[in-house]
Chemist: 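What follows is a single structure, and I will ask about it in a moment.
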Amino acid sequence: MVTVTTPLKAESRDLNFIYNGGHRALKGINMPLYEKKITALIGPSGCGKSTFLRCFNRMHDLYPGNKYEGQIVMHPDNTNVLGAGVDPIEVRMRISMVFQKPNPFPKSIYENVAYGLRVRGERNKRIIDDKVEEALKGAAIWDEVKDRLHDLAFNLSGGQQQRLCIARALATDPEIMLFDEPTSALDPIATANIEELMTELRDRLTILVVTHNMQQAARISDYTAYMYLGEMMEYGDTDRIFTNPTRKETEDYITGKFG
Amino acid sequence: MEIQISDRLAKKFRRNLIERGIEFLLLLAAMSAVFTTIAIVCILLYESYTFFEHVSLRDFLTDTQWTPLFADAHYGIMPLVSGTVTTAAIALAFAIPVGTIGAIYLSEFASHRVRETVKPILELLEGVPTIVFGYFALLLVTPLLQKLIPGLPTFNMLGPGIVIGIMVIPYIASVSEDAMRAVPMSMREGSYAMGATRFQTAIRVVTPAAISGIIAAYILAISRAVGETMVVAIAAGQQPNLTFNPMDSAATITAYIVQVAMGDLPHGSIGYQSIFAAGLVLMLMTLFFNLLGHFTRKKFREAY
């Protein structure tokens with residue numbers, strides 16, 4: 001793997017995160033995020049991997065009293081996502097997110113995908129039509145829904161809903177896409193579809209994915225980070241992490257001795 | 001459908017008996033409300049029947065005067081219906097926007113502390129006896145309105161309408177707020193993650209997600225406004241007038257019933273029987289609004 005020439009898309013520098021109430025969930029996290037690669041975050045429950053992921057699009061801002069320390073810098077413009085003067089809405093326009101449980105809006109399939117464009121003030125129906133189609137194709141769900149774009153999104157199956165949520169996140173051309181355990185609520189076939197889709201998306205954007213499923217991390221990711229108790233224990237090429245981890249803790253977790 | 005149960009389970013006769021007993025008790029409790037409703041409808045129909053033996057249905061629906069107390073008695077329900085509809089419409093025109101905006105604020109914008117202060121106050125407002133609101137309309141709101149609109153009579157529909165509106169705001173705000181708060185946080189997060197603002201999230205995601213509950217709140221408010229008695233009895237003048245003008249005095253169905261029930265007409269007379277016919281109309285109106293709400297709710301759900 002030619003990691004040397006891969007450009008950085010973002011990196012976290014000495015990131016600490018303190019929940020309202022004082023719990024320090026992240027302790028000095030340093031991690032690169034390479035452009036157009038998939039980086040997987042693994043680790044036992046409560047290790048802080050979802051907390052870390054949600055720092056990237058400032059989701060913690062929705063709840064009062066949470067505190068970030070350190071930086072998450074986006075390249076090439078060197079914007080510190082966590083900077084005091086940075087509007088979280090601007091950040092979320094560049095970094096989109098797919099959640100653990102599919103969470104379509106109570107709208108039609110079409111309106112779900114158009115949502116991001118509409119909140120950005122887009123009114124031109126032609127542009128929205130094109131973007132919606134492109135995003136649904138990009139999320140490999142176009143053929144299944146093209147004849148019922150104006151049906152309620154809740155009528156789709158769980159796997160279809162999740163692909164719809166990916167289409168929704170794709171429609172606004174984000175630079176980074178965050179996936180928070182995107183397949184944990186899905187059956188094996190739907191999971192395989194989403195995994196395939198993620199590897200296709202790698203050509204277009206940078207992906208950071210939290211997963212409980214180590215096989216999944218091994219199958220789809222280029223880089224893997226193992227977290228434990230709010231710390232980054234080990235980070236490296238996925239192949240190396242899974243075949244030759246340097247730390248005993250990583251090996252124990254990967255081989256299923258605990259976690 | 002026959003369900004196969006193993007012998008071991010089927011022998012638990014005692015347990016089955018208890019289960020059945022409990023099920024029956026629950027059924028009884030659920031049915032009590034249904035039986036009461038059916039009984040009320042039966043009594044209304046039976047008593048109205050006596051009334052309609054003397055007054056033709058055609059007169060009842062088309063006559064433009066309601067004067068059961070006069071020697072030349074007319075029994076046209078329309079003046080009472082117009083009074084009811086007008087006061088309720090004024091109330092809702094006022095309460096639906098204010099109540100809905102209040103609910104959106106409380107659910108999506110207010111801090112925890114503000115919400116925990118305001119909601120109990122709203123619920124307190126629900127508990128104020130309606131007769132207090134009646135005098136509030138007559139002695140405070142109408143005089144204030146008279147300063148704005150010269151020539152407004154002391155008894156009119158505008159003042160009581162607004163006051164009924166104030167009365168039902170807490171219902172709309174509190175029930176709608178409950179519905180909005182019940183929208184899962186994951187849906188809001190989905191919206192914020194797309195770069196939406198708080199306002200966009202509230203209007204475009206939370207409100208449509210809670211629309212069933214919000215419409216339920218409106219139906220509750222309509223039924224309250226249509227069925228409200230004391231405020232209009234006190235402040236609207238008890239004058240059956242076929243008018244939709246808020247400046248006029250009028251009587252509503254409920255105000256008329258209260259007037260008769262308080263003893264202006266001898267028991268057993270046709271005039272007395274007329275309150276059952278009026279009650280039947282009131283019930284049909286409420287039923288109509290409930291059905292309307294039911295179908296709008298269905299339609300709204302399909303529109304997304």
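Convention: sequence-line order gives letters A, B, ...; per-chain numbering from 1.
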Chemist: Where on A/F56 is there a heavy atom nearer than 4.5 Å to chain B: the side chain, the backbone, both, or neither?
Modeler: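 The answer is neither part of A/F56.
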Chemist: Side chain from CB out, backbone as N, CA, C, O: work out which of these in B/R198 comes under 4.5 Å of a heavy atom of chain A, or both, or neither.
Modeler: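 Neither part.
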Chemist: Measure A/R94 against the heavy atoms of chain B and call it side chain, backbone, both or neither at under 4.5 Å.
Modeler: neither
Chemist: What closest approach, in Å, do A/M93 and B/G195 show between heavy atoms, and which atom pair accounts for it?
Modeler: CE-O, 3.6 Å
Chemist: How close do B/P208 and A/P106 get, heavy atom to heavy atom, and via which atoms?
Modeler: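 Here B/P208 and A/P106 meet closest at C-CG, 4.0 Å.
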Chemist: Mind checking whether B/S186 and A/Q100 have side chains closer than 4.5 Å, heavy atoms only?
Modeler: no
Chemist: Taking atom NZ of B/K119 as the centre, does the number of heavy atoms from other residues, nucleotides or ligands within less than 6.0 Å exceed 12?
Modeler: yes
Chemist: For B/S111, is it the side chain, the backbone, both or neither that has a heavy atom under 4.5 Å from a heavy atom of chain A?
Modeler: neither
Chemist: With a 6.0 Å cut-off (strictly less than), is the heavy-atom count around CD of B/E19, excluding the residue itself, greater than 12?
Modeler: no
Chemist: Take atom CZ in B/F288; do more than 12 heavy atoms of anything else shown fall under 6.0 Å from it?
Modeler: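 At most 12 heavy atoms, drawn from other residues, nucleotides or ligands, come within 6.0 Å of this atom.
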Chemist: How many angstroms lie between atom CZ of A/F99 and atom CE of B/M187, to the nearest 0.5 angstrom?
Modeler: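 Between A/F99 CZ and B/M187 CE, I get 11.5 Å after rounding to 0.5 Å.
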Chemist: Around atom NZ of A/K146, are there more than 12 heavy atoms of other residues, nucleotides or ligands at under 6.0 Å?
Modeler: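 For A/K146, atom NZ is crowded (more than 12 foreign heavy atoms under 6.0 Å).
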Chemist: Considering all heavy atoms of both residues, which atom of A/M59 and which atom of B/E189 are nearest to each other, and what is their separation?
Modeler: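 In terms of heavy atoms, the two residues are closest at CE-O, 3.2 Å.
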Chemist: Got a second to check how far A/L62's CG is from B/M185's CE, nearest 0.5 Å?
Modeler: 5.5 Å
Chemist: Between A/I95, A/N103, A/L178, which residue shows the highest count of heavy-atom pairs closer than 4.5 Å to chain B?
Modeler: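 Looking at each option in turn, the highest pair count goes to A/N103.
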Chemist: Is A/R168 close to chain B through its backbone or its side chain, or both, or neither, when contacts mean heavy atoms under 4.5 Å?
Modeler: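 Interface part for A/R168: both.
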Chemist: Is it the case that atom OH in A/Y63 sees more than 12 heavy atoms from other parts of the structure closer than 6.0 Å?
Modeler: yes
Chemist: Report which part of A/P174 has an atom under 4.5 Å of a heavy atom belonging to chain B: side chain, backbone, both, or neither.
Modeler: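 Neither part, no heavy atoms under 4.5 Å.
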Chemist: Short question: side chain of A/K107, backbone of B/R204 - any donor-acceptor pair under 3.5 Å?
Modeler: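 A pair under 3.5 Å: yes.
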Chemist: About how many Å separate CD of B/Q200 and CD1 of A/I89, when rounded to the nearest 0.5 Å?
Modeler: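 Answer for the CD1-CD pair, A/I89 versus B/Q200, is 7.0 Å.
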Chemist: So B/V205 and A/Y115, do their side chains get closer than 4.5 Å, heavy atoms only?
Modeler: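 A/Y115 vs B/V205: side chains touch.
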Chemist: Hey, could you give me the CG/CE distance between A/N57 and B/M194, rounded to the nearest 0.5 Å?
Modeler: 11.0 Å
